[in-house]
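Proteins come first, then strands; the chains are lettered A, B, ... in the order of their sequence lines, and each starts at number 1.
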Protein chains: 2
Amino acid sequence: MATRIRAQRRSMRKAPQQQRSRATVDAIVEAAARILARRGWAGFTTNEVAAVAGVSVGSLYQYFPNKLALAEAIRRRHLDAVLAALSVSGGDDEGLTLERRVARLIDGVVAAHSVNQALHHVLLDEVPLTPRSSQDAFEIEYLQRYQTIVAAGSGRRAGGELAARVLSAAVEGVVHAAARRGELGSPALKAELGKLVSAYLRSRSRPRGG
Amino acid sequence: MATRIRAQRRSMRKAPQQQRSRATVDAIVEAAARILARRGWAGFTTNEVAAVAGVSVGSLYQYFPNKLALAEAIRRRHLDAVLAALSVSGGDDEGLTLERRVARLIDGVVAAHSVNQALHHVLLDEVPLTPRSSQDAFEIEYLQRYQTIVAAGSGRRAGGELAARVLSAAVEGVVHAAARRGELGSPALKAELGKLVSAYLRSRSRPRGG
DNA sequence: GGAAAATACGAATATACGCTCGCATTTTAT
DNA sequence: ATAAAATGCGAGCGTATATTCGTATTTTCC
């Protein structure tokens, strides 16, 4: 194991070694997130990021090879948060009813999307996504969560992956649409989404001919 | 009724009057769609659009005030197609089972999204969306369709709008996710989505305590 | 035929911004 | 103390490209 911290993949050009530079990188990412949220991807300029971070553009490019890498760093930070939120809702729910479990899931997802909605929206709808393969660690973990929920809810193993994909896409679709309209806080919406999810999971446990 | 065709809103600068200019506009939109699909929003340049369309940039700017307006024109064209697809699935289905009606709906939506997937993706994930209010004619018509389906499926009027929003967002979420993975053609996916929708509608017609 | 309107042209302009590079400063190591 | 490494600086270069504008051509209409 190398003693030095190496730059991860191509997201960083050089890894910060000293305390000072670590602070610089933090400041840059912090500022970048704020500017991305405020101005959107189109108005996201490295010069302004550096200015707001209180460092020079030169320093910025010492750690990030380009603009996109900076956005990627922010995205990763966010995805980790989403995953963490999902993990919380995946505890020992053995004793809970389907509805309770579903409500937990939805609360988690909604909560994760409620923090910094503007940034979220930009990250989601504007920043060109680096070709994200289904091999992506996040994707895998994410689907895994949903598959667990599907299995727990329907009690069947077969078709679990497809069901998980459909379910996750549906939930995200509803949550994202709500986020765009600023209605993420609405309990009525959460309840309605809960009905959708519950109904689906129940239908899978007693399938009809089709 | 004005004899002359007027430029719609701010999407056009000048309305084409003669046959010649109508052909020009068509060629521009056509070329723009191709380039948008091929190069994405970032690589979408008006100069190339003009070149591919076989006209000059000057002509382009005679009919479109800016780059975004051009993309908007394309988006509108697509939205109209989606709406048309939805309308087809909303005919006289009185005699059909819920599953049949749902299958029709999904077939329509999937079909609308199957045409020119690359363009679709760019339009959806890259082109900055002009603030689309819920007053938008398309949004209204779109929700209306879903509300009809909800009403027909669940037989209740109450909560129809919320249900329509949830349902449409869920369907779009699944379809878009599938489009991103290039799995729109999969019958298994359509079937699974059908189960989701049917289960939801059924659950609404015999509600549980909640 | 001729005037006016519509359409077409495309070189040139204006601007914005990503990113580099040479050098200054600070920290670490010996 | 001093060399070497790490970090920081920011003016400016290079480029890309959206948009304009003066002019040329075509069509319409009388």
Legend entry - Residues which pass ring pair (Phe, Tyr, Trp, His ring centres under 6.0 Å) with A:His113, listed by chain and number, not counting sequence neighbours: A:His120, A:His176
Legend entry - Spacing of A:Glu126 atom CD and B:Asp125 atom CG [to the nearest 0.5 Å]: 11.0 Å
Legend entry - Interatomic distance where OH belongs to A:Tyr63 and C1' belongs to C:dC19 [whole Å]: 17 Å
Inset, instruction - Return the minimal non-hydrogen interatomic distance between B:Val57 and B:Ala50, and the atom names on each side. - result: N-CB, 3.6 Å
Legend entry - Spacing of B:Glu48 atom CD relative to D:dA16 atom C1', expressed in whole Å: 13 Å
Inset, instruction - Give a yes-or-no answer on whether the side chains of B:Glu172 and B:Tyr142 include a donor-acceptor pair shorter than 3.5 Å. - result: yes
Legend entry - B:Arg22 CZ - C:dT7 P separation (whole Å): 9 Å
Legend entry - Charged N-O contact under 4.0 Å between A:Arg204 and B:Glu192: yes
Inset, instruction - Indicate, with a heavy-atom threshold strictly under 4.0 Å, whether B:Phe64 touches base, sugar-phosphate, or nothing. - result: nothing
Legend entry - For atom CD of A:Gln62 and atom C1' of C:dT25, their distance in whole Å: 13 Å
Inset, instruction - For residues A:Tyr200 and B:Ser203, determine if any side-chain heavy atom of one lies less than 4.5 Å from a side-chain heavy atom of the other. - result: no
Legend entry - Under 4.0 angstrom between B:Thr45 side-chain N/O and D:dA16 OP1 or OP2: no
Legend entry - Steps toward salt bridge (Lys or Arg N to Asp or Glu O under 4.0 Å) verdict (B:Arg165, A:Glu183): CA-CA 12 Å; B:Arg165 286 217 305 268; A:Glu183 289 176 352; 3.0 Å; yes
Inset, instruction - Ignoring backbone atoms, establish whether B:Ser56 has a side-chain N or O less than 4.0 Å from OP1 or OP2 of C:dA8. - result: no
Legend entry - Length of the line joining A:Lys14:NZ and D:dC9:C1', which is rounded to integer Å: 13 Å
Inset, instruction - Summarise protein proximity over nucleotides 19-30 of chain D in one line of letters, 5' to 3': B for base, S for sugar-phosphate only, - for none, counting protein heavy atoms closer than 4.0 Å. - result: BB-----BSS--
Legend entry - Distance below 4.0 Å between B:Ser21 side-chain N/O and C:dT7 OP1 or OP2: yes
Legend entry - From B:Leu60 atom CG to B:Thr46 atom OG1, the distance as rounded to the nearest 0.5 Å: 6.0 Å
Legend entry - DNA chain D contacts among residues 28-41 of chain A, heavy-atom distance under 4.0 Å: none
Legend entry - Gap between atoms CG and C1', on A:Leu70 and C:dC19 respectively (whole Å): 13 Å
Legend entry - Nearest-0.5 Å distance that lies between atom OG in A:Ser198 and atom CG in A:Leu105: 10.0 Å
